[in-house]
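What follows is a set of notes on a single structure, which appears directly below.
None of the values given here were measured: they were computed from a predicted structure.
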Amino acid sequence: MARKKPEFLPPQQDLRRKAVNFSKGFRLKLEPAELRRLEEVVEKAKDALSLDVADKLRQLREALEEVARSQQTDRGMRTIRALSLDIKGAGGMFNYPLLTEFAKSLNDFTKGINQPTPLQLDIIAAQIDALYVVMGQRIEGQGSKVEKDLLTALRLAVERHKTAG
Amino acid sequence: MSESMADHERIDFSKINFLIVEPNRVMGQMVRDVLMMLDAQYLDRARDYDSALTVLRLGRTDVMITEWALRDEKLGRTGMDIVHWIRNDPASPNRMMPVVMMTANSEEEYVCRARDCGVSEFVAKPYTVNAFYTRLVSAIARPRQFVRVDEYFGPDRRRRRSDEYAGPERRLPADSY
């Protein structure tokens with residue numbers, strides 16, 4: 001089948017003309033002092049982020065209970081996926097990369113699972129517990145060998161028991 | 001080492017109208033605070049597809065920063081649907097608007113899907129402020145040419161150009177990715 005030739009449109013310069021200049025504003029590459037000021041903004045948000053994640057962990061437990069009671073499993077699993085994705089994105093932003101790792105593991109595991117088996121439910125619960133431990137023990141950075149081993153074990157369980165249900 | 005003109009360029013963020021689409025209140029506030037620190041004055045916020053389109057239809061948005069996963073998942077609407085609307089809907093006020101997607105859907109599969117939907121820049125969460133700033137600058141100060149091929153309309157997905165290639169056209173339609 002003959003493929004249409006691509007049509008090219010030149011870059012739109014309106015925004016560049018409006019905002020880019022040689023006298024006012026921020027350089028395209030930030031000065032170290034400017035970057036520090038921006039990092040302070042994120043630093044200030046860390047408490048709020050941490051509270052937000054704690055609230056999401058509580059919601060995760062509630063959603064899991066709902067699924068375990070076999071009520072609205074679709075809705076419960078959708079909630080678990082959405083919350084774990086949020087935590088995955090937030091953890092590393094306030095120096096909790098392990099939260100990001102465990103949340104990614106939970107999110108990957110639950111993709112495509114709408115009616116989990118009892119064993120799959122146990123694995124989901126273990127991953128939520130791990131998130132609680134990281135937050136509860138305030139394990140910043142990469143954690144110790146214990147947390148790394150736990151993450152490896154959970155990943156193995158995820159690989160072994162991830163079949164869509 | 002000699003300095004180029006680009007080394008002296010600056011961006012006046014106070015001239016730019018931003019739309020932040022982020023269902024997470026804290027994350028949205030953080031993006032807003034960073035932009036305000038950059039002296040941005042015009043900031044609209046939306047948390048879902050419908051409220052984002054309401055703002056976009058006003059025609060004042062210069063740059064949209066959007067999350068992929070919106071709370072409309074049940075309705076099947078994500079940040080990608082907003083991007084699709086901007087790029088393809090006849091009612092879109094600026095089909096070539098720079099769009100920065102920030103998302104925890106950071107795996108390669110998602111990056112490719114975002115690119116093939118017409119996203120200008122992709123920021124994986126969790127992100128650093130510097131990474132966010134770099135993508136934002138790229139979207140504003142280094143606009144890319146657009147391409148229309150089959151079903152795809154969006155920024156040229158080829159960032160590197162080779163003038164030496166003389167073979168046949170190998171671009172694939174968007175739905176073949």
>> If you apply the rule side-chain contact (heavy atoms from CB on, under 4.5 Å), what do you find for B:Met27 with A:Leu49, and how did you get there?
In response: CA-CA 8 Å; B:Met27 284 289 194; A:Leu49 268 173; 4.1 Å; yes

Nearest 0.5 angstrom please: [X] [atom1] to [Y] [atom2], how far?
| X | Y | atom1 | atom2 | value |
| --- | --- | --- | --- | --- |
| B:Leu136 | A:Phe26 | CG | CZ | 11.5 Å |
| A:Lys104 | B:Ser106 | NZ | OG | 6.5 Å |
| B:His8 | A:Phe22 | NE2 | CZ | 8.5 Å |

Under 4.5 Å from a heavy atom of chain A, the part of [X] involved:
| X | value |
| --- | --- |
| B:Asn24 | side chain |
| B:Asn105 | both |
| B:Thr128 | neither |
| B:Pro23 | neither |

Surrounding [atom1] of [X] (heavy atoms of other residues, nucleotides or ligands, distance under 6.0 Å), is the total greater than 12?
| X | atom1 | result |
| --- | --- | --- |
| A:Arg61 | CZ | yes |
| A:Arg69 | CZ | yes |
| B:Asn130 | CG | yes |
| A:Tyr132 | OH | yes |

How about [X] and [Y]: do any of their side-chain heavy atoms sit closer than 4.5 Å?
| X | Y | value |
| --- | --- | --- |
| B:Arg142 | A:Leu28 | yes |
| A:Lys18 | B:Asp62 | yes |
| A:Leu38 | B:Leu38 | yes |
| B:Pro126 | A:Lys88 | no |
| B:Arg148 | A:Leu9 | yes |
| B:Tyr127 | A:Met93 | yes |
| A:Pro11 | B:Arg144 | no |
| B:Asn94 | A:Gln12 | yes |

For chain A, find which of B:Gln29, B:Glu107, B:Met97 contributes the most heavy-atom pairs closer than 4.5 angstrom.
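Highest number of pairs under 4.5 Å: B:Glu107.
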
Which heavy atom of [X] sits nearest to which heavy atom of [Y], and what is that distance?
| X | Y | answer |
| --- | --- | --- |
| A:Leu85 | B:Ala104 | O-CB, 3.4 Å |
| B:Pro143 | A:Gln13 | CG-OE1, 3.9 Å |
| B:Met96 | A:Pro10 | CE-O, 3.5 Å |
| B:Tyr133 | A:Arg27 | OH-O, 2.5 Å |
| B:Met30 | A:Ala45 | SD-CB, 3.6 Å |

Quick check: is [Y] connected to [X] through a chain of hydrophobic side chains (ILVMFWY, heavy atoms under 4.5 Å apart)?
| X | Y | value |
| --- | --- | --- |
| A:Leu51 | A:Leu57 | no |
| B:Met37 | B:Phe132 | yes |
| B:Leu58 | B:Val63 | no |
| B:Val100 | B:Tyr42 | no |

Side chain, backbone, both or neither: which part of [X] has a heavy atom under 4.5 Å from chain B?
| X | value |
| --- | --- |
| A:Lys56 | side chain |
| A:Leu30 | both |
| A:Lys44 | neither |
| A:Asp52 | side chain |

Residue set satisfying ring pair (Phe, Tyr, Trp, His ring centres under 6.0 Å) with B:Phe146, at least two apart, ordered chain then number -> B:Phe153

Given A:Pro97, A:Ala90, A:Gly25, the one with more heavy-atom pairs under 4.5 angstrom with chain B than any other is A:Gly25

(message) Set out, in order, the CA-CA distance, both residues' side-chain angles and the distance that settles salt bridge (charged side-chain N to carboxylate O under 4.0 Å, His left out) for B:Glu9 and A:Arg16, then state yes or no.
(response) CA-CA 11 Å; B:Glu9 282 181 342; A:Arg16 194 181 144 75; 2.5 Å; yes

Which of A:Leu15, A:Val20, A:Asn21 passes side chain to side chain contact (heavy atoms under 4.5 Å, CB included) with B:Ile11? Answer is A:Val20

